[in-house]
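First comes the structure, then the notes that go with it.
The figures that follow rest on heavy atoms only: side chains count, while hydrogens, waters and symmetry mates do not. This is a predicted model, so every value here is computed, not measured. For ligands, and for the atoms within them, numbers begin at 1 and follow the listed sequence.
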Amino acid sequence: MRMRMHMHMNRVLQSKASSLRFIMSFDRPRTVVKQILAKPQHEGKGAVVRRAIGRGDLRTLDPFIMLDEFSVSPPAGFPDHPHRGFETVTYVLQGAIEHQDFSGHKGTIHAGDVQWMTAGRGIIHSEMAGGDELCKGLQLWINLSSQDKMMEPKYQEMPSSEIRYGEKEGVTVRVIAGESMGIKSPVYTRTPTIFLDFNLQSGTQYEQSIPETWNAFIYVIQGEGMFGSRKSSANHVLVLSSGDGLVVKNTSPNPLRFILVGGQPLNEPVVQHGPFVMNTQAEIDQAIDDYYQCKNGFELAKTWKSQ
Ligand code: FJE
Ligand code: FE
C-alpha cells in the first residue's frame with residue numbers, strides 16, 4: 001500500500017512537473033526544418049570558409065544573405081574588395097582580424113569582439129588575419145531594405161569587454177544584438193535582428209523566445225545538443241520553422257556552443273552580384289559601373305590601396 005501510494009505520488013509530481021514545463025514553454029515552439037553541414041571551401045586569399053548561408057541549397061534566409069565560419073592564418077585573408085547594399089557582422093572567435101577601409105577607418109577585431117559594418121552605398125576594405133595566430137570567426141551578411149541600401153556607411157564596434165551577457169543555471173549568453181535573459185545589446189539593427197552566442201554546460205537547457213514571424217537559424221560552433229527534437233553538432237546550420245521560441249538542451253557530456261540568429265524578413269527582391277546586393281539587375285549594373293568608375297560612394301577608390 002505504502003509503495004503504491006509512493007508510485008501514485010510520483011506520478012502526480014511528474015505530471016505536475018510536465019504541466020509546469022508546458023506552461024513555461026511556447027505556444028508555437030519552433031522546429032528544425034533543414035539541417036546542413038557546412039563543409040570547408042577556399043575563399044579570398046588563402047582563407048577557408050564553411051559557408052552556412054549563401055549556398056546552392058540555402059541561397060538566402062531573408063534578411064540573411066551569407067554566413068561564413070572563416071579560418072585564416074597570416075598572411076591570408078580577404079584583400080581589398082567592395083560592398084554595397086547590406087551589412088557585414090564580423091564576430092571573431094579566436095585570433096584577430098586586421099581591417100582597413102578606403103576612408104582611413106582601420107582597426108583590429110580580437111577574439112570576442114564584434115564589428116557591425118553597414119556598408120550602405122559603398123565600402124572598400126581589406127580584412128586580413130592579424131598577429132601570427134590562426135584566426136577563426138563568423139561573418140554574417142544582413143540585407144538592407146531598399147530605403148537603406150544607399151545610406152552613408154556606418155560602423156558599430158564592440159570590444160569583447162563591452163558585450164553584455166547573461167548567466168543562468170549553467171547557460172551563458174553573449175548578446176551581440178537583440179535581447180536575451182533580460183540583457184539588451186546597444187547595437188542598432190537597421191534590419192531588425194537578434195544575434196545571440198549561447199554556451200550550455202552539459203545537462204542544461206534553455207528556452208529562447210524569438211519574434212514569431214522572423215526567420216531564424218542556429219549555427220553550431222562546438223559540441224552537440226538537441227534543438228527542439230533535432231540532434232545536431234558542430235558546423236551544422238539549422239533553419240528553424242516559424243514560431244515564438246526555441247527549446248535547446250545539452251544532453252551531451254561536453255559544453256555546447258552555438259549562435260542563434262533571427263531577423264525580420266524584408267520581403268523584397270534580392271539581386272546579388274558577389275559583394276553587391278540590390279533589388280534589381282539595373283541597380284547591380286549601376287553598382288558595378290560605380291565601382292569601376294569610382295563614383296556614387298566609391299570616389300575614394302581612385303587613390304586608395306590597403307597597406
Ligand atoms: C567577398 C568572396 C569573399 N566570407 N568571411 C567574395 F570571400 C568575400 C569576403 C568574405 C569574408 C570576409 C571575412 Cl573577414 C570573413 C568572409 C567572405 O570578403 F566579400 C566576396 N564578394
Ligand atoms: Fe568585406
Side-chain angles (χ1 to χ4, degrees), residues 38-56 58-61 64-131 133-144 149 153-158 176 195 219 221 235 237 259 261 270-278 284 287-288 290-292 297-298 300-301 304-306:
K39 292 182 184 152
Q41 65 187 61
H42 294 275
E43 271 294 355
K45 215 168 175 113
V48 174
V49 305
R50 291 178 181 270
R51 185 148 297 165
I53 296 174
R55 43 184 295 146
L58 189 54
R59 213 42 261 161
T60 62
L61 186 65
F64 307 110
I65 295 157
M66 191 198 80
L67 176 72
D68 275 358
E69 179 180 359
F70 60 87
S71 186
V72 288
S73 288
F78 305 89
D80 308 9
H81 62 277
H83 294 280
R84 174 180 282 182
F86 61 100
E87 303 186 292
T88 68
V89 180
T90 307
Y91 185 36
V92 173
L93 301 173
Q94 177 189 326
I97 286 284
E98 282 175 8
H99 66 92
Q100 44 182 292
D101 81 5
F102 67 170
S103 74
H105 183 89
K106 60 177 162 183
T108 305
I109 314 167
H110 297 96
D113 300 347
V114 177
Q115 182 196 61
W116 198 288
M117 184 185 90
T118 308
R121 66 210 299 254
I123 288 262
I124 301 177
H125 70 170
S126 73
E127 299 158 289
M128 307 297 287
E133 212 193 324
L134 170 71
C135 177
K136 286 189 176 198
L138 298 165
Q139 190 169 86
L140 176 70
W141 290 7
I142 308 174
N143 203 2
L144 286 167
K149 283 188 178 294
K154 184 189 158 170
Y155 288 93
Q156 298 178 82
E157 282 163 321
M158 279 202 301
I176 311 301
F195 188 136
Y219 183 77
I221 297 169
N235 310 124
V237 60
I259 57 165
V261 179
V270 176
V271 185
Q272 177 174 5
H273 177 78
F276 305 132
V277 181
M278 303 301 290
I284 289 292
I288 295 169
D290 289 347
Y291 175 55
Y292 284 110
F298 291 118
L300 294 166
W304 182 79
K305 227 174 150 303
S306 66

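Looking only at heavy atoms of the protein, atom 11 (C) of ligand 1 is closest to Q139 OE1, 3.3 Å. Of the protein's heavy atoms, F78 CD2, 3.5 Å lies nearest to atom 9 (C) of ligand 1. Looking from atom 18 (O) of ligand 1 to the surrounding protein, the closest heavy atom is H81 NE2, 3.2 Å. Nearest non-hydrogen protein atom to atom 6 (C) of ligand 1 is E43 OE1, 4.2 Å. Atom 15 (C) of ligand 1 has as its closest protein heavy atom F70 CD2, 3.3 Å. The nearest heavy-atom contact from the protein to atom 4 (N) of ligand 1 is D68 OD2, 2.7 Å.
At a threshold of 4.5 Å between non-hydrogen side-chain atoms, the residues I259 and I176 do not count as touching. By the 4.5 Å heavy-atom criterion applied to side chains, I142 and F64 are counted as neighbours. Considering only heavy atoms from C-beta on, M128 comes within 4.5 Å of P79 through its side chain. Under the 4.5 Å side-chain criterion, counting only non-hydrogen atoms from C-beta, F78 is not in contact with I97.
Closest non-hydrogen pair, E69 versus N235, comes out as OE1-ND2, 3.2 Å.
Each of the following atoms of ligand 1 lies closer than 4.0 Å to a heavy atom of H83: 19 (F). Close approach of ligand 1 to P275 is summarised as follows: ligand atoms under 4.0 Å from at least one heavy atom of the residue are 21 (N). Counting atoms of ligand 1 from 1 in the listed order, those under 4.0 Å from a heavy atom of M66 are 4 (N), 17 (C). For ligand 1, the atoms sitting less than 4.0 Å from at least one non-hydrogen atom of G44 are 7 (F), numbered in the order shown with element in parentheses.
Under a 4.0 Å N-O distance rule, the pair R121/D290 does not qualify as a salt bridge.
Ring geometry for Y155 versus H105: interplanar angle under 30°, hence parallel rather than tilted (30 to 60°). In this pair, H83 and F86 present their aromatic rings perpendicular. The plane angle is above 60°, beyond the 30 to 60° band.
Listed for the K149 side chain is a donor-acceptor partner under 3.5 Å among the backbone atoms of V277. No donor-acceptor pair closer than 3.5 Å links the side chain of D101 to the backbone N or O of I123.
Inclusion of H125 in the first shell of the Fe ion (ligand 2) is supported: an N, O or S atom falls under 2.8 Å.
At a heavy-atom cutoff of 4.0 Å, ligand 1 is contacted by the side chain of W141 but not by its backbone. Neither the backbone nor the side chain of H99 has a heavy atom within less than 4.0 Å of ligand 1.
Closest N/O/S atom of H81 to the Fe ion (ligand 2): NE2. Of all the N, O or S atoms in E127, the one closest to the Fe ion (ligand 2) is OE1.
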